Every structure is written in structure tokens, then in C-alpha cells.
Amino acid sequence: MTDPYLVLPHPEIERVMVQAAEATGRVEIRYRTRVARLLSEGDRVCGAVLAQEHGAEQETRAHLVIGADGAASAVRNGLQIALARTPYNHALFIVDIDRPPNHPDALRTELHPDGGILVVPGADRLGLAALVRREHEHLFRAGSVEAKFAHIENRSPLLSGRRPSPAGVHLYKLWRGHAPRYWAPGAALIGDAIHVINPVMAQGMTMAIEDGAALARHAGPLLAAHADAAALDAALACYEGERRPFNAAVIRRSHWMSVAFSLGGRLGDRLHQAAFRLADSLLGRALQKRIWSQFATSPEALYA
């Protein structure tokens, strides 16, 4: 593969995962259902109470409860594990536009003193994530999608004459956080339930998938063998020991990249231009290959 990474639509990733899970014949998918509270025996989680949309509740017992339920995780809150938030002084304005003819299938960054724009190609549209500084956020909270788009249209010739879509328009507040623990007896957490990063590096879902793979590798065989609680807890500790330092490094790199991306004014614009000229040089391409290879290196190799 010559490209450093692929950009795939999140709904399509989730759809494939659901289909693969159902195909095993061992998975039940429930929609419009949430975790109301966890069940415990002594100091150990032993299941959860599931609340359906119409209010009915059902107790479900499990050897291991896994919280993959996002930054507002009910499972994490039930385990009383904090996820402290550090906000950024900028946000992202998310909007889709019609795709220009012959636009390449490549992630693109448009630079401008008012803020950069990440451009993600789709089948017949382009997804935009435009940086919005805190003092300008009020311009994107009200009004029509056309009025909001007008505030960023001058940042790139690519946007001139394009039609913004009203679907999915959103001002995305940014913050980062990392939970101090990934598990408790009888329960584990993965994905945004334990770590949230600035999306400038587009690594959030990758981290979540890798969390799930690592947890399955450590805990799966023990669950299949009906191992005792002590053995399962030891596996959960190994899972955290593998993933937490790796995720911390990704959060740190993403933070510093977001700091560089959010530089504003003429000085920031000059620094951006210089950085991109370097990135397009032979040395820069070699450095990019080395940097991105870090994210393709297995955690086992890094922390063995």
C-alpha cells in the first residue's frame, strides 16, 4: 500500500462489524436499548440492567461486561472511573459539499490564516472539517447552512461555487481525555469510553478497534475456557498494560498535531506553508513514512 492510511465512512465500518457479528450466530443485536445500571455481587460486576425505549427493564448476567458506549459511557460511570476533559480553544465546523468533477480520492488539507480545512472524499460529496476559533464560534451556532458555509468559503478555491448539504451540519467541540483505568473486576472499557482525542489525526476509531482486538486476545480464551475470576482479572490487567501506554502516545501526538494545525494569523500561515513544503520534499516524505509507520506497529512489538 502506497498511501499512509485509508479514510472509511464510520457508518459503513459499523455496518460491516454488525453483519460479521450476526453471522457468527452467537451475537444478539439490540437497538433502542441502553445500560441503566450495572449489577454487582460483592465488589465484582456480574451483569447489567438494560432499559428499552418504552421503559421496560431486563437484567442480563455476564462473566464480563464491556463498555464500548462512548465518551458519556454509562458503564464507565457505573464503575466510577473518571474521564477528565481538557477542552481546546477551537472547534470544527462539519459540513458536506457536492464533489467537484475529477477530484482525487485523497485526504486533503487546505491551509488559510483563518483556519485550515480537512477535506475527506466521499462517493459523490466531500466532507469538510473547518477549524473555527473560539471567538468565531457564535457565527456557526445559528443561521442557515448557506450562511455558515459563507464564513469558510473564501478559505480555498476548492469551495468556490460548491453547494453545502443541510444534512449532518454540526459545530464539533473538541477536547481530549484519558481514563486512569481500563477495567474493574468483571468489566472492561474500550474506545471513546476511555480515551477521546482531537480528530486531526483521524485515529479515534482505529484506537477503538485495536482496543477491542487486544481485549479479545487477552480475555477471549479465558472466557471460552470458563476460567476463574482471578485469571480473568489478570487478563484485564494485561489488556490495560498493553493498550494504555500506546493510546497515551497517540493522544499526545494528536494533541501536538492539533496545536500545529490550529496556528493562526500570518505567522501561523507561514509556518504551515514551510511545513508543507518540507512534507513534499524527499526528506519530508521519508519522515512522514517513519511517523505513520508508528501507527502501523503492533503494540505487542512496542511493549514486549
Side-chain angles (χ1 to χ4, degrees), residues 1 3 5-36 38-39 45-54 56-76 78 105 107 120-125 127 167-168 182-183 186-196 199 202-227 229 231-233 235-236 238-240 242-243 246-247 250 295-301:
M1 179 181 290
D3 295 317
Y5 57 85
L6 293 174
V7 179
L8 301 174
H10 284 197
E12 291 301 305
I13 297 174
E14 294 166 2
R15 179 182 60 80
V16 170
M17 287 183 171
V18 168
Q19 290 178 346
E22 290 179 322
T24 66
R26 302 193 302 271
V27 175
E28 178 185 351
I29 306 293
R30 297 188 186 183
Y31 294 99
R32 298 182 176 86
T33 303
R34 62 180 178 82
V35 173
L38 299 177
L39 298 174
V45 175
C46 62
V49 176
L50 305 180
Q52 298 179 351
E53 191 176 43
H54 51 73
E57 292 188 346
Q58 177 184 356
E59 288 191 2
T60 300
R61 299 275 170 165
H63 294 293
L64 179 63
V65 173
I66 301 172
D69 49 344
S73 172
V75 177
R76 187 192 67 242
D105 285 322
L107 186 70
V120 182
D124 57 358
R125 53 86 183 171
Y182 281 23
W183 69 282
L189 300 164
I190 68 173
D192 284 0
I194 41 174
H195 46 67
V196 179
Q203 290 295 301
M205 181 167 278
T206 299
M207 295 165 70
I209 292 172
E210 291 177 346
D211 287 348
L215 180 59
R217 187 173 63 254
H218 286 290
L222 296 178
L223 291 171
H226 303 288
L232 182 57
D233 289 350
L236 298 181
C238 289
Y239 154 68
E240 179 181 308
E242 174 186 318
R243 290 301 301 166
F246 187 85
N247 289 335
V250 177
F295 298 103
T297 303
S298 68
E300 301 97 308

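Please read all numbers here as calculations on a predicted model, not as lab measurements.
- With hydrogens and angles disregarded, no donor-acceptor distance shorter than 3.5 Å links the side chain of Asp69 to the backbone of Ala193.
- Taking the side chain to side chain contact (heavy atoms under 4.5 Å, CB included) definition, one finds that Asp233 meets it with Arg44, Trp183, Pro185, Leu236, sequence neighbours left out.
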For residues 18-27, dump all side-chain donor-acceptor pairs below 3.5 Å to protein atoms at least two apart in sequence or in another chain.
| from | atom 1 | to | atom 2 | distance (Å) |
| --- | --- | --- | --- | --- |
| Gln19 | OE1 | Arg15 | NH1 | 3.4 |
| Thr24 | OG1 | Ala21 | O | 2.6 |
| Thr24 | OG1 | Arg26 | N | 3.2 |

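- To the nearest 0.5 Å, the span separating CE on Met207 from CD1 on Ile194 amounts to 8.0 Å.
- Judged by distance alone, with hydrogens and angles left aside, the side-chain atoms of Glu57 form no donor-acceptor pair with the main-chain N or O of Ala51 at under 3.5 Å.
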Donor-acceptor contacts under 3.5 Å from residues 58-66 side chains, at least two apart:
| from | atom 1 | to | atom 2 | distance (Å) |
| --- | --- | --- | --- | --- |
| Gln58 | OE1 | Arg30 | NH1 | 3.0 |
| Arg61 | NH1 | Glu41 | OE2 | 3.0 |

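- From Met17, atom CE reaches atom CD1 of Ile29 across 12.0 Å, with rounding to the nearest 0.5 Å.
- Remark: side-chain polar atoms of Thr33 are paired, donor with acceptor, to backbone N or O of Tyr31 under 3.5 angstrom.
- Atom CD in Glu242 sits 9.5 Å away from atom CG in Asn247 (nearest 0.5 Å).
- Counting only heavy atoms from C-beta outward, the side chains of Glu210 and Arg243 approach each other to under 4.5 Å.
- Between Asp211 and Gly191, the closest heavy-atom pair is OD2-N, 3.0 Å.
- Once rounded to the nearest 0.5 Å, the distance linking NE2 of His195 with CZ of Phe246 reads 10.5 Å.
- Residues Gly127 and Arg125 come closest through the heavy atom pair N-NH1, 3.4 Å.
- Here the straight-line distance linking atom NE2 of His218 with atom CG of Leu223 works out to 13.0 Å at 0.5 Å rounding.
- No salt bridge links Glu53 with Arg34; every basic N to acidic carboxylate O contact stays at or beyond 4.0 Å.
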Working for side chain to side chain contact (heavy atoms under 4.5 Å, CB included), residues Leu215 and Ile190:
CA-CA 8 Å; Leu215 180 59; Ile190 68 173; 3.9 Å; yes
